[in-house]
Structure formats: structure tokens, C-alpha cells
Undergrad: 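Quick one: this structure, given as C-alpha cells, is what I'll be asking you about.
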2 protein chains.
Amino acid sequence: MCAAPAKTSDADIVAAARAVIAARGLDALSLQQVAAAVGIKTPSLYKRFDDRAALLAAVQDDVLLELARVLGDAAASGSTPQDGLHAMGRSYRAFAATHARLYPLLFGSSEPSPAARAAIAPVMTALIALLGAPLALPAARTLTAFLHGFVTMELSGNFQMGGSIDDAFDFGLDAVMRGIGAHIMRTVS
Amino acid sequence: MCAAPAKTSDADIVAAARAVIAARGLDALSLQQVAAAVGIKTPSLYKRFDDRAALLAAVQDDVLLELARVLGDAAASGSTPQDGLHAMGRSYRAFAATHARLYPLLFGSSEPSPAARAAIAPVMTALIALLGAPLALPAARTLTAFLHGFVTMELSGNFQMGGSIDDAFDFGLDAVMRGIGAHIMRTVS
DNA sequence: ACCTGAACACCGTTCAAGT
DNA sequence: ACCTGAACACCGTTCAAGT
């Protein structure tokens, strides 16, 4: 029933694709390189992944799961929800810097994935503890929008007016955290 | 000296490329389509633009100049710097929604362009008036990071947890504005 | 069941040749 | 000066054929 033994595996292919993207960027990824890296020919990839987009989605999941672990660790490192959120914000930026060429992949596709849910879960948990359920969702969107926007612009070189980008991030993270907190103060009073 | 009269112009080519991207998206753009739209053959494009990237940069400039005008109008519509900034934030999101498939082009390249400077100029002016020069730069980066991140995630369909995205944007813009203001209050006191 | 060679329709880009 | 035909080196994808 198995005349041709498998030369590789789904996980090997994902790892090879991830390595190519990490080294040369998403645009430079070709299925030929991935196939060659795992020792098969290009058409064989289609036995395991529907198309290029499906392979990229698998790599995206792989990276998102790693991000979820990093953010979970950061959340656990804080003694208060505020501390945890601050640590997650800093870890997020550090993760993006470490995986600069992988990062654009994270927001490429739009289908809801368990990996994406896992990545935002610790943020939601901390915000629910801090602000309560009704405000946690818009607050999470505000925080993730800031983090994603900042990191994207930083990695793309879009901060071109000089000054310290580290300082801008610290300023911005503080401002967003305070803005979120100020809002609950005002609506509660 | 001019044996072959020009069938088209740089501006025509940029307009055609912009129209294709607006209709079908950046990934679907091919130089063949652009050339056909202006009535020439593909290789002729290389007499006017170095390569595909140069053409995209020209389209990016075209869109950025339009954005600069929209933001300038919004800034002028506010009677206070705060009002102007709020209006710019809302106009920015509206601009992105109207030009959804063009928007990803704006943050693609990283070379500093006069058009990009023109687009952020009204934001910087309002923030200098509001916070003073030293804080204006990190505040501008915080605000633009939030706006760009929010709009990117919204357009990519990355807000997948239900709830009103309009409400989240209003909440977030208020929070960021308040966070920026709160910071100056604290450092000034 | 997994892999491959060959083919298809497309890309961006170059360049000698036309007018 | 501007345009074109032909060619080049690449893509992603399909499919019949091998084992």
C-alpha cells in the first residue's frame, strides 16, 4: 500500500519554508527552494499543501504558536495585570525584532485560526482582569493596533524623522495603557 | 529628434497602475495590464520607470499626496489642535476604507519621500501646538502607530472577536489622545 | 501512497532592432 | 526619442506516469 516511502514530512516542509522566509523574506520564497531544502521536487509539495497560500498559512500558525508562548510567559512574569500587559507589549516588540522577516506573515491571512486565538488570549485575560469584560475587547483592539502598527512601521523603516525609537515605544506603550485606564476611570465615576 | 511620438505619459501610467491596484489589489497587478491600459507594450514601461518597484513608488507618492490633502483639510476643520487631531484620525480611517486595496501600498517602501512628509506634516503641526516640540515626535509616532495598526488589522479582517469595530476605533482614538495628553500633564507638573 | 518529468500559462526584465 | 518583438530566467500549478 506504500510503494514510495515519504522523503519528508509536513513539519519538515513548514520548517524549511520558515527558514527561507526568516533568511531572505517572504517575497524571496519560492516553492523550488522549499522543495530543494527537504530533498523533493516542487510538484510533490502539492501532495501535502493545496497551494503556496496553504503552506504560508501553516508557517503562520507555527510562528503564531511561538508568539503565544512568548506572550504567555510575559503575562506570567507580571505580578499585576498592568505589569503583565506592559511585559507583553515589550515582549511583542522584541519578538517582532527577532523575527523581523517572519513578522509580516502574521497579519497576512485573515481566516480565524486557533493559533491566533492563543496569541491574543493572555492579552484578553489581563484586560478582563483590569477593566472588566465589556471594555476588554475595545481595549485589546487599541493595544494590539498600537503594537502592530508601531512594530510594522519600525520594521519597514517608516520612522524617518530621527529621535529615539525606543523612547517613542516606551512613551507610546505608557500612553496607550494610561489612555485605556483613564477611560474606565471616567466611565466608572 | 523625435521619430516616435509618445503614446502615453508618466502620469497616465501611474493612473493606470493605480486603477488596477484599486480594482484588483497589489498582488494582482502585472506590468502587462498597465501597459495594455495605456496602449503600449510591456517593455516600453522601462523607458519611463526603472522597474516594477519604481512604478509602485510613483503610485505610492500619488496616493500619499491625496492623503496629505485629506489630512490637511481635516486639520483645518478643527477649531482646536485636539479637534483637528481627532478629525485627522477619523479622516485617516475613512481614507483607508475608501482606498482599501491601495492602502497596503502606503507602507510598502521605506525611502523617505516628500509626499510622506507632506502627509504627516499636519499631524506634527497639531501635536507641536498641543504638546510642544519635544513630545510631539513620540506622540506622533504613538498616534500614527495606532491609526496604521488599527486600519491595517481592520482591512485585513484581523478583528475576529465580534463587537463593534466602529466603537473600538472611537474608544481607541480617545484613549490614545487622552494617553498622550495625560503624559504631558504628568511630566509638566 | 508518494514522488517525478514534462508541460502550461504566466511573470519581470533585457536588448537589439525598428521608426 | 520612443516603441516593439523576441528572448531569457524565472514563477505557481497541473497531471499523467512511474515505483
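Labels below follow one simple rule: chain letters A, B, ... track the order of the sequence lines, proteins then strands, and each chain is numbered from 1. Computed over heavy atoms, backbone and side chain alike; hydrogens, waters and symmetry mates excluded. Not measured: the values here are computed from a predicted model.
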Undergrad: Could you tell me how far apart Y46(B) (OH) and dC11(C) (C1') are, to the nearest whole angstrom?
TA: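 Distance, rounded to whole Å: 9 Å.
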Undergrad: Looking at dC2(D), dC2(C), dG12(D), which one has an atom nearest to any side-chain atom of A6(A)?
TA: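 Among dC2(D), dC2(C), dG12(D), the one nearest the side chain of A6(A) is dC2(C).
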Undergrad: Measure the distance from CG on D10(B) to P on dA1(D) and round it to the nearest whole Å.
TA: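 Atom-to-atom, D10(B) to dA1(D), this comes out as 15 Å.
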Undergrad: Applying a 4.0 Å non-hydrogen cut-off, can you work out what L55(A) is touching in the nucleic acid: base, sugar-phosphate, or nothing?
TA: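 If one applies the 4.0 Å heavy-atom cut-off, L55(A) turns out to touch nothing in the nucleic acid.
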Undergrad: Answer yes or no: does a side-chain N or O of K41(A) lie under 4.0 Å from OP1 or OP2 of dA6(C)?
TA: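 False: K41(A) side-chain N/O out of range (4.0 Å or more) of dA6(C) OP1/OP2.
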Undergrad: For a quick check of understanding: with a heavy-atom distance under 4.0 Å over all strands, which category does T8(B) fall into, base, sugar-phosphate or nothing?
TA: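 Since only primed, P, OP1 and OP2 atoms lie under 4.0 Å of T8(B), the category is sugar-phosphate.
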Undergrad: For dG12(D), does either OP1 or OP2 sit under 4.0 Å from a side-chain N or O belonging to Q32(A)?
TA: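 Answer no for this pair, as no side-chain N or O of Q32(A) is under 4.0 Å from OP1 or OP2.
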Undergrad: What's the closest nucleotide to the T42(A) side chain, out of dT4(C), dT13(C), dT13(D)?
TA: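 Nearest listed nucleotide: dT13(D).
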Undergrad: Examine dC2(C): is either OP1 or OP2 under 4.0 Å from a nitrogen or oxygen in the side chain of S44(A)? Give yes or no.
TA: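 Answer is no, no contact under 4.0 Å.
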Undergrad: What is the distance, to the nearest angstrom, from the CG atom on D27(B) to the C1' atom on dC11(C)?
TA: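 Rounding to the nearest Å, CG of D27(B) and C1' of dC11(C) are 13 Å apart.
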Undergrad: L26(B) has an atom CG; how far is it from atom C1' of dC11(C), in whole Å?
TA: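 Checked: the CG to C1' distance equals 14 Å.
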Undergrad: Please state how far atom CG in L45(B) lies from atom C1' in dT14(C), giving the value in whole angstrom units.
TA: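 Going from CG in L45(B) over to C1' in dT14(C) covers 14 Å.
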Undergrad: I13(B) has an atom CD1; how far is it from atom P of dG12(C), in whole Å?
TA: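 Result: 14 Å.
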Undergrad: Report, one line per pair, each donor and acceptor closer than 3.5 Å where one atom sits in a side chain of residues 125-142 of chain B; sequence neighbours left out.
TA:
residue, atom, partner, partner atom, Å
T125(B), OG1, A121(B), O, 3.0
R141(B), NH1, G162(A), O, 2.8
R141(B), NH2, G162(A), O, 2.7
T142(B), OG1, P138(B), O, 2.8

Undergrad: Figure out the CG/C1' separation between L31(A) and dT14(D), and round it to whole Å.
TA: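 Answer to the nearest Å: 13 Å.
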Undergrad: Salt bridge check: are R93(B) and D166(B) linked by an N-O gap of less than 4.0 Å?
TA: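 Salt bridge: yes.
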Undergrad: Enumerate the ring-ring contact (aromatic ring centres under 6.0 Å, His included) contacts for residues 106-128 of chain A, please, sequence neighbours excluded, ordered by first and then second residue.
TA: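 Listed once each, the pairs are Y103(A)-F107(A), F107(A)-H148(A).
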Undergrad: Please determine if a side-chain N or O atom of R48(B) lies less than 4.0 Å away from the OP1 or OP2 oxygen of dA1(D).
TA: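 No.
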Undergrad: Can you measure K47(B) atom NZ to dG18(C) atom P for me and round it to whole angstrom units?
TA: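 Spelled out: NZ on K47(B) to P on dG18(C) is 15 Å.
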Undergrad: Would you kindly compare I40(A) and A53(B) by the position of their nearest DNA chain C nucleotide and give the one closer to the 5′ end?
TA: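 Comparing both residues, the 5'-ward one is I40(A).
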Undergrad: Do NZ/NE/NH1/NH2 and the carboxylate oxygens of D10(A) and K47(A) come within less than 4.0 Å?
TA: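 Salt bridge absent between D10(A) and K47(A).
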Undergrad: Name the closest nucleotide to the P43(A) side chain, picking from dC3(C), dG5(C), dT4(D).
TA: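 Taking heavy atoms from C-beta onward, the closest nucleotide is dG5(C).
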Undergrad: Mind checking who dC15(C) pairs with, Watson-Crick or G-U wobble, both distances under 3.5 Å?
TA: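 Partner of dC15(C): dG5(D).
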Undergrad: Can you tell me which nucleotide in dC3(C), dT4(D), dG12(D) comes closest to the side chain of K7(B)?
TA: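 The listed nucleotide nearest to K7(B)'s side chain is dT4(D).
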Undergrad: Among side-chain atoms of Q160(A) and R117(B), is any donor-acceptor pair under 3.5 angstrom?
TA: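 No.
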